[in-house]
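All values reported here derive from a predicted model rather than from experimental measurement.
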Amino acid sequence: MARIRCDFSSDALGVGTSMTVLLPEQATGQTAEFPTLYLLHGLSDDDSAWTRFTSLERYAAERQIAIVMPRVERSFYTDEVWGRPYWTFISEELPRTARGLFRLTDDPARTFVAGLSMGGYGAFKLALRHPDRFGAAASLSGVLDLATRARELVRPEDPRMWGRIYGTPPTIEGTDNDLLHLLDTVEHPPPLFVTCGTEDVLYSSNVRFRDACAERGIPLKTEFSPGAHDWAFWDDKIREVLAWLPLT
């Protein structure tokens, strides 16, 4: 695998940003476009986290899949009320830029999205708002009931986070930023996979999402097992996610 740290200018954000990309090594004369996973980071991470804290590069080599990991700061993959339009960036500009720079597929059946924690939320928001663009989506320990979490979480390092992103008071429930609401609006979601540790602080959020899918008859693969909100769990589960993706 080739690992590329790509710095580029974002028109949507109005600033320079970065993405880390893993690409299979091509045989001479090979011209096929790679199946592609957009893999999203969590609240306290950046685009380098997945390759720093897991064996992702080795797992991706086994599956011969390209992986695009963008940087979105502490944005919850949302067009911030008092900030930058990260939803526009992640949903529109990033795939266009990545495909322009690298040999990535534009076939929805071979394009996938996944993420951990905040990134699990972002992955499912992409899959539920744009189900025609993805062949599958996965969440690892995701913030899947964001409206409830926003009422519970106050981080001393960013006390104004929810107001900055969603306004004051934060407006999430019943909007297109609410995954439980999106379940009521999507007609044909791609295959969805949820995994979360039973000792994770977000376990109850994942159970609520599972139950909401069951109530609506939306197919969902779930894998709950012992584990916490940490890289040991995500290193194990991302390999399962990659094995689950329908690459062919």
Side-chain angles (χ1 to χ4, degrees), residues 12 33 35-40 65 68 70 72 75-80 85-96 98-99 104-150 165-166 170-196 202 204-224 237 240-248:
E33 296 173 333
T36 304
L37 171 65
Y38 291 89
L39 186 58
L40 310 183
I65 185 173
V68 177
V72 300
S75 69
F76 269 86
Y77 300 88
T78 297
D79 284 346
E80 298 173 319
Y86 281 98
W87 171 252
T88 300
F89 166 71
I90 200 76
S91 63
E92 302 297 338
E93 185 179 33
L94 175 72
R96 184 172 63 246
R99 288 196 296 264
L104 308 176
T105 185
D106 61 359
D107 178 3
R110 301 173 74 236
T111 301
F112 314 101
V113 62
L116 69 87
S117 195
M118 179 185 80
Y121 165 80
F124 275 10
K125 185 159 72 167
L126 282 164
L128 295 176
R129 289 179 65 169
H130 296 295
D132 57 319
R133 298 185 185 180
F134 300 100
S139 166
L140 299 86
S141 312
V143 187
L144 304 186
D145 181 3
L146 183 63
T148 298
R149 188 62 176 163
I165 299 172
Y166 296 108
T171 302
I172 300 171
E173 194 167 2
T175 73
D176 283 347
N177 291 315
D178 180 357
L179 298 184
L180 301 183
H181 167 71
L182 291 176
L183 292 177
D184 290 326
T185 65
V186 65
E187 291 188 6
H188 302 290
L192 303 175
F193 180 11
V194 165
T195 183
C196 187
L202 294 175
S204 60
S205 176
N206 282 254
V207 169
R208 284 194 291 273
F209 187 86
R210 178 202 64 188
D211 293 346
C213 287
E215 290 170 4
R216 293 159 177 80
I218 295 175
L220 176 71
K221 174 180 171 62
T222 57
E223 208 285 310
F224 297 145
K237 298 306 177 184
E240 293 185 20
V241 169
L242 291 172
W244 170 76
L245 294 177
L247 300 188
T248 56

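- Looking at Lys125 and Ser91, their side chains never bring a donor and an acceptor atom within 3.5 Å of each other.
- Leu146 has its side chain out of reach of Asp178: every pair of non-hydrogen atoms, C-beta onward, lies at least 4.5 Å apart.
- Taking CZ of Phe224 as the start and CG of Asn206 as the end, the distance is 5.0 Å to the nearest 0.5 Å.
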### Task
Could you please spell out the steps behind the salt bridge (charged side-chain N to carboxylate O under 4.0 Å, His left out) verdict for Arg133 and Glu92?
CA-CA 11 Å; Arg133 298 185 185 180; Glu92 302 297 338; 3.0 Å; yes

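- The minimum heavy-atom distance linking Tyr38 with Thr36 is given by the pair CE1-CG2, 3.9 Å.
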### Message
ring pair (Phe, Tyr, Trp, His ring centres under 6.0 Å), that's the test. Do Tyr121 and Tyr77 meet it? Break it down for me.
### Response
CA-CA 8 Å; Tyr121 165 80; Tyr77 300 88; 7.6 Å; no

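- In this structure, the side chains of Leu94 and Phe89 come closer than 4.5 Å at one or more pairs of heavy atoms.
- Two residues are said to be in side-chain contact when any heavy atoms from C-beta on lie closer than 4.5 Å; Val186 and Leu182 fail this criterion.
- When all heavy atoms are compared, the tightest approach of Ser141 to Cys196 is CA-SG, 4.0 Å.
- The residue from Val207, Leu202, Leu180, Val194 that alone fulfils the side chain to side chain contact (heavy atoms under 4.5 Å, CB included) condition with Leu144 is Val194.
- Within 6.0 Å of the CD atom in Glu173, the count of heavy atoms belonging to other residues, nucleotides or ligands does not exceed 12.
- With Val143 as the fixed residue, the side chain to side chain contact (heavy atoms under 4.5 Å, CB included) test singles out one of Phe209, Phe76, Phe124: Phe76.
- By the 4.5 Å heavy-atom criterion applied to side chains, Phe112 and Pro246 are counted as neighbours.
- Here the side chains of His181 and Thr175 are not in contact, with every heavy-atom distance at 4.5 Å or above.
- Here the NE2-CG distance, from His188 to Asp132, works out to 11.0 Å after rounding to the nearest 0.5 Å.
- Inter-residue side-chain proximity for Leu183 and Cys213 is flagged as met; some heavy-atom pair is nearer than 4.5 Å.
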### Task
Take Lys237 and Glu240 through the test salt bridge (charged side-chain N to carboxylate O under 4.0 Å, His left out) and record every step on the way to the result.
CA-CA 5 Å; Lys237 298 306 177 184; Glu240 293 185 20; 3.2 Å; yes

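- Put simply, CG on Leu192 and OG1 on Thr222 are 11.5 Å apart, with the number rounded to the nearest 0.5 Å.
- When side chains are defined from C-beta on, Ile90 counts as touching Leu126, because their heavy atoms get closer than 4.5 Å.
- Considering all non-hydrogen atoms of both residues, Pro131 and Leu128 come closest at CD-O, 3.6 Å.
- In terms of heavy-atom proximity, Val241 sits nearest to Ala138 at CG1-CB, 3.7 Å.
- Between atom CH2 of residue Trp87 and atom OG1 of residue Thr78 there is a gap of 8.0 Å, rounded to the nearest 0.5 Å.
- For the atom pair Leu104 CG and Ile65 CD1, the distance stands at 10.5 Å (nearest 0.5 Å).
- A 4.5 Å side-chain heavy-atom check between Glu223 and Leu140 finds every atom pair outside the cut-off.
- Across all non-hydrogen atoms, the minimal contact from Pro191 to Gly135 is CD-O, 3.2 Å.
- A pairwise comparison of heavy atoms in Thr88 and Ala12 identifies CG2-CB, 4.3 Å as the closest pair.
- In this structure, Arg210 CZ and Lys221 NZ are separated by 14.0 Å, a value rounded to the nearest 0.5 Å.
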### Task
Applying salt bridge (charged side-chain N to carboxylate O under 4.0 Å, His left out), run through Arg208 and Asp145 and close with a yes or a no.
CA-CA 7 Å; Arg208 284 194 291 273; Asp145 181 3; 2.6 Å; yes

